[in-house]
Undergrad: 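Supplied in structure tokens, the structure appears directly below.
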Amino acid sequence: MKAISKLKCIVTPQPSVETVFTPLLRPYSLTAVAKLPESSSLIDEFTKFCYQRDLPKAMKAMDSMQKQGIWADSITYSELIKCCLARGAVEQGKLVHKHVFSTGYEPKTFLINILLNMYVRFNLLGEAQKLFDQMPERNVVSWTTMISAFSNAKLNDKALGFLILMLREGVRPNMFTYSSVLRACDGLPNLRQLHCSIIKTGLDSDVFVRSALIDIYSKWGELQNALRIFNEMLTGDLVVWNSIIGGSAQNSDGDGALNLFKSMKRAGFLPNQATLTSVLSACTGLALLELGRQVHVHIMKFNRDLILNNALLDMYCKCGSLEDANFVFIRMVERDVISWSTMIAGLAQNGYSGEALKLFESMKVSGPRPNYITILGVLFACSHAGLVEDGWYYFRLMKELFGIDPGREHYGCIIDLLGRAGKLDKAVKLIHEMECKPDAVTWRTLLSACRVHCNVELAIYAAKQILKLDPEDAGTYILLSNIYANSQRWEDVAEVRRIMRVRGVRKEPGCSWIEVDKWIHAFILGDNSHPQIDEISRQLNQLIQRLMGVGYNPDSNFVLQDLEGEQREDSLRYHSEKLAIVFGMMRLSGEKTIRIRKNLRICGDCHVFAKLVAKMEHRIIVIRDPIRYHHFHDGVCSCGDYW
DNA sequence: ATAGGGTTAG
């Protein structure tokens, strides 16, 4: 009411019925204010400062206007707010907000939306929400601003809640709304529901909505749907390509990602940082070191991009080239917690535990605060180096030292640590004491330890736990039946085989990949389609003969280690990694490292074989299986024969 | 005035 009286002094309007009852909803024409001679010069000054982006002078002018009870128009205020935003001037922004609301006019929805947006950009969601609640009228922009604020803050429930309220109030979402709210989906049913409404409104033709749809379908693991949306598109932009390439890479379809990347270039798009990050991530997944190196050459111009550098670092780590990884790491102009975690875990996984722990020490001194994943790498390093005491120390004190609660994966590392040290009973005890429920991975860790330490009874127990949680796990069935066979428990063997048949579980054939001269050669157990297979087999047989001369016995009884179920002697002889190693020796010059990626875990016989080849033939061999790295050099393996 | 894409573990 005070505001109203002020207003009357300036323009002295004839009060109508409406102005008496709804003064705040019916603003007087602002031109009436500007016409007053004594105020116009001040407003002109203010306007000038706003457009000149002279924040201090504009704020001063605004203050004088406030004292005289005169006001400028919404456009000018919106300029001033832009100026506050550009300078990060939070306090000044709040003053503008106060000023705008003291005019006695109800600020236009347009102007309040700009204020809303200002609070969102300043990350003051509470203020934004307060202002939003006070708005007499909210249009699609107001709602969308709130939805995008909450979905960016990962407060998905709130973002979706706003969409529902908006619909209830009869405000129709537009393409801006949908492209924001899609990121806040809480599951596939929800996503399908949103997708339906988008199709009904015809907004699925918008490129922003499309890229958001492609992205979110990929994030929920439905790459097929993402591809369908992508393929139905007639025109697209770089972001849409990036969405589908990134989606493929994230859903472990590296091949698909690389093919899409080729198509994208053919369609005339220039890749940017986001594209190249996904391409690197595809190389990482496929262990394509040489292709990754080529990408490295092409991203030199983006060498200040942190995310891209992190992806590059990870590529070198996961392709087993720690020299290159270190080269990238030390040259990075900026390193965040991901860079450090990647490097620490990379060193540990590739057998450089000491270096990993040293790096962690320097991170504690001069790096960012370690997070959940950093600690995983540290525990893994301790486990790998057999540092039981250090591992326990970090595990027990991680909450106290770094403020991180131990999760299932941390327990997994400690179980691995105890298992490696042969303390199986302690490992089992820990599993039963875990605060979070053990999952199949947890039990598989225990099973690994049982395998190495030949604890049959505990292995059977662990295998049964795995199968309860993951009834499709072919490797575990095979392992279980092998254990029974080894103990002559034929009825149990038959039972396991029967369950496998009933559940339709089929074992995946062992497959190894090796990159030679920009070609990827795949060797699949039982498949003879490689053009040089005869020569490879011949050389493999010769090699086996040579190795037998130094004590290699291919008929080893690796029942407990044979996760592939390929342990019959004839197939053992032709395990895919053996073919790949021989092929690598044939095609790669002596000083080159033979790098192989495998889909299944390496068996004990191949492990012995690789160690001997490395020693006898003076080759460095790196084999990456789904969870561990094996660097074979001079008769020893970086895994310390524990995997 | 409001919108979409990239990196660490599992």
Side-chain angles (χ1 to χ4, degrees), chain A residues 74-75 78 81-82 85 108-118 120-121 138-149 151-152 173-183 203 206-216 218-219 236-247 249-250 257 271-282 284 299 302 305-315 317-318 335-346 348-349 370-380 407-410 412-413 439-442 444-445 626-627:
Chain A
S74 300
I75 303 285
S78 78
I81 294 168
K82 273 188 218 162
L85 264 174
K108 286 184 180 165
T109 303
F110 156 79
L111 183 55
I112 308 182
N113 282 341
I114 291 174
L115 283 166
L116 258 190
N117 182 251
M118 176 190 80
V120 170
R121 299 255 196 108
R138 305 173 187 112
N139 63 16
V140 60
V141 177
S142 332
W143 287 101
T144 304
T145 303
M146 296 312 285
I147 289 174
S148 101
S151 79
N152 281 333
N174 61 15
M175 54 272 246
F176 291 82
T177 323
Y178 281 122
S179 47
S180 309
V181 82
L182 276 170
R183 288 152 45 90
L203 291 170
D206 182 77
V207 272
F208 283 76
V209 174
R210 265 174 194 277
S211 55
L213 276 169
I214 291 171
D215 185 56
I216 199 72
S218 315
K219 293 229 158 75
D237 64 3
L238 181 60
V239 178
V240 181
W241 279 102
N242 286 348
S243 306
I244 194 67
I245 294 173
Q250 284 153 21
N272 68 0
Q273 292 96 313
T275 328
L276 293 164
T277 304
S278 297
V279 170
L280 276 174
S281 148
T284 308
I299 63 177
F302 299 125
D305 190 295
L306 178 60
I307 298 181
L308 190 49
N309 275 319
N310 284 343
L312 184 66
L313 186 64
D314 189 43
M315 185 277 291
C317 286
K318 294 235 167 57
R335 297 179 201 101
D336 65 358
V337 66
I338 295 187
S339 330
W340 288 87
S341 307
T342 304
M343 195 67 210
I344 291 172
Q349 285 167 329
N371 67 10
Y372 189 95
I373 296 166
T374 321
I375 306 300
L376 273 181
V378 173
L379 294 181
F380 189 89
R408 193 178 284 144
E409 292 93 344
H410 296 105
C413 283
D439 64 358
V441 179
T442 317
R444 246 178 241 129
T445 310
I627 45 175

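Labels below follow one simple rule: chain letters A, B, ... track the order of the sequence lines, proteins then strands, and each chain is numbered from 1.
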Undergrad: Between B:dG10, B:dG4, B:dA3, which one does the side chain of A:V441 approach most closely?
TA: B:dG10
Undergrad: Indicate whether OP1 or OP2 belonging to B:dT7 is found under 4.0 Å from a side-chain N or O atom of A:Q250.
TA: yes
Undergrad: Check every atom of B:dG6, B:dA9, B:dA1 against the side chain of A:Y372 and return the nucleotide holding the closest atom.
TA: B:dA9
Undergrad: Measuring from atom CG of A:L308 to atom CG of A:N272, what distance do you get when rounded to the nearest 0.5 angstrom?
TA: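 If we round to the nearest 0.5 Å, A:L308:CG and A:N272:CG are 9.5 Å apart.
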Undergrad: Hey, does A:L276 reach any base, or is it just sugar-phosphate, or nothing, if we go heavy atoms under 4.0 Å?
TA: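 A:L276: no heavy atom of the nucleic acid under 4.0 Å.
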Undergrad: Please work out if A:K219 contacts a base, only the sugar-phosphate, or nothing of the nucleic acid, heavy-atom cut-off 4.0 Å.
TA: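 Sugar-phosphate, no base atom in range.
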Undergrad: In whole Å, what is the span from the CG atom of A:D439 to the C1' atom of B:dA9?
TA: 13 Å
Undergrad: When we call it a touch if two heavy atoms are under 4.0 Å apart, what does A:N117 touch: a base, just sugar-phosphate, or nothing?
TA: sugar-phosphate
Undergrad: Indicate, with a heavy-atom threshold strictly under 4.0 Å, whether A:D305 touches base, sugar-phosphate, or nothing.
TA: base
Undergrad: Can you tell me the distance, in whole Å, between the CD1 atom of A:I375 and the C1' atom of B:dG10?
TA: 17 Å
Undergrad: Categorize A:R183 for me: base, sugar-phosphate, or nothing, with a 4.0 angstrom heavy-atom threshold over every strand shown.
TA: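 Sugar-phosphate, no base atom in range.
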Undergrad: Pick base, sugar-phosphate or nothing for A:S211, based on heavy-atom distances below 4.0 Å to the nucleic acid.
TA: base
Undergrad: Base, sugar-phosphate, or nothing: which does A:I344 touch, judged by heavy atoms less than 4.0 Å apart?
TA: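 Answer is nothing: A:I344 stays at 4.0 Å or more from every strand.
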Undergrad: The side chain of A:Q349 lies closest to which of these nucleotides: B:dG6, B:dA3, B:dG10?
TA: B:dG10
Undergrad: Is any side-chain heavy atom of A:N139 closer than 4.5 Å to one of A:S142?
TA: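 Result yes, sub-4.5 Å side-chain heavy-atom pair found.
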Undergrad: Report the residues that fulfil salt bridge (charged side-chain N to carboxylate O under 4.0 Å, His left out) with A:D336, sequence neighbours left out, ordered by chain and then residue number.
TA: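 With neighbours one apart ignored, the set is empty.
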Undergrad: Tell me: CG of A:L312 to P of B:dT8, nearest whole Å?
TA: 13 Å
Undergrad: Would you compute the distance between atom CG of A:N117 and atom CG of A:L85 and round it to the nearest 0.5 angstrom?
TA: 6.5 Å
Undergrad: Does A:D305 offer a backbone N or O that forms a donor-acceptor pair with the side chain of A:N309 under 3.5 Å?
TA: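 Present.
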Undergrad: Could you pull out all residues at least two apart from A:R444 that satisfy salt bridge (charged side-chain N to carboxylate O under 4.0 Å, His left out)?
TA: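 A:R444: salt bridge (charged side-chain N to carboxylate O under 4.0 Å, His left out) contacts with A:D470, A:D473.
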Undergrad: To the nearest Å, give me how far apart CG (A:N152) and P (B:dT2) are.
TA: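 Atom-to-atom, A:N152 to B:dT2, this comes out as 13 Å.
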Undergrad: Would you classify A:V240 as touching base, sugar-phosphate or nothing, given that sugar-phosphate means primed atoms plus P, OP1 and OP2, and contacts are heavy atoms under 4.0 Å?
TA: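 Base: the residue A:V240, judged by heavy atoms under 4.0 Å, touches a nucleobase.
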Undergrad: Please tell me which of the listed nucleotides, B:dT7, B:dA1, B:dA3, lies nearest to the side chain of A:N139?
TA: B:dA1
Undergrad: When you get a sec, tell me which of B:dA3, B:dT8, B:dG10 is the closest nucleotide to the side chain of A:E409?
TA: B:dG10
Undergrad: Check every atom of B:dT2, B:dA3, B:dT8 against the side chain of A:N174 and return the nucleotide holding the closest atom.
TA: B:dT2
Undergrad: Look at the side chain of A:V141 and decide which nucleotide, out of B:dG10, B:dT7, B:dA1, has an atom nearest to it.
TA: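 Among B:dG10, B:dT7, B:dA1, the one nearest the side chain of A:V141 is B:dA1.
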Undergrad: In whole angstrom, what separates A:R210's CZ from B:dA3's C1'?
TA: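 Atom-to-atom, A:R210 to B:dA3, this comes out as 16 Å.
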Undergrad: Considering every strand and a 4.0 Å limit on heavy-atom distances, what is the contact class for A:R138: base, sugar-phosphate, or nothing?
TA: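 Answer is nothing: A:R138 stays at 4.0 Å or more from every strand.
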Undergrad: Using a distance-only test with no angle check, is there a side-chain donor-acceptor pair under 3.5 angstrom linking A:S218 and A:D215?
TA: no
Undergrad: Which part of the nucleic acid, if any, lies within contact of A:D206, taking any heavy atom under 4.0 Å across all strands shown: a base, the sugar-phosphate backbone alone, or nothing?
TA: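 Base, at least one base atom sits under 4.0 Å.
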Undergrad: Measure from the side-chain heavy atoms of A:A274 and tell me the nearest of B:dA1, B:dG6, B:dG4.
TA: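 Nearest to the side-chain atoms of A:A274, counting from C-beta on, is B:dG6.
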Undergrad: What is the distance from NE2 of A:H410 to C1' of B:dA9, rounded to the nearest Å?
TA: 9 Å
Undergrad: Could you check which of B:dT8, B:dG4, B:dA1 has an atom nearest any side-chain atom of A:A212?
TA: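 In terms of side-chain proximity for A:A212, the closest of B:dT8, B:dG4, B:dA1 is B:dG4.
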Undergrad: Students often get this wrong, so: under 4.0 angstrom with heavy atoms, is A:V181 touching a base, only sugar-phosphate, or nothing?
TA: nothing
Undergrad: Rounded to the nearest Å, what distance is computed from the CG atom of residue A:L376 to the P atom of nucleotide B:dG10?
TA: 7 Å
Undergrad: Among the nucleotides B:dA1, B:dG6, B:dT8, which one has an atom lying closest to any side-chain atom of A:I338?
TA: B:dT8
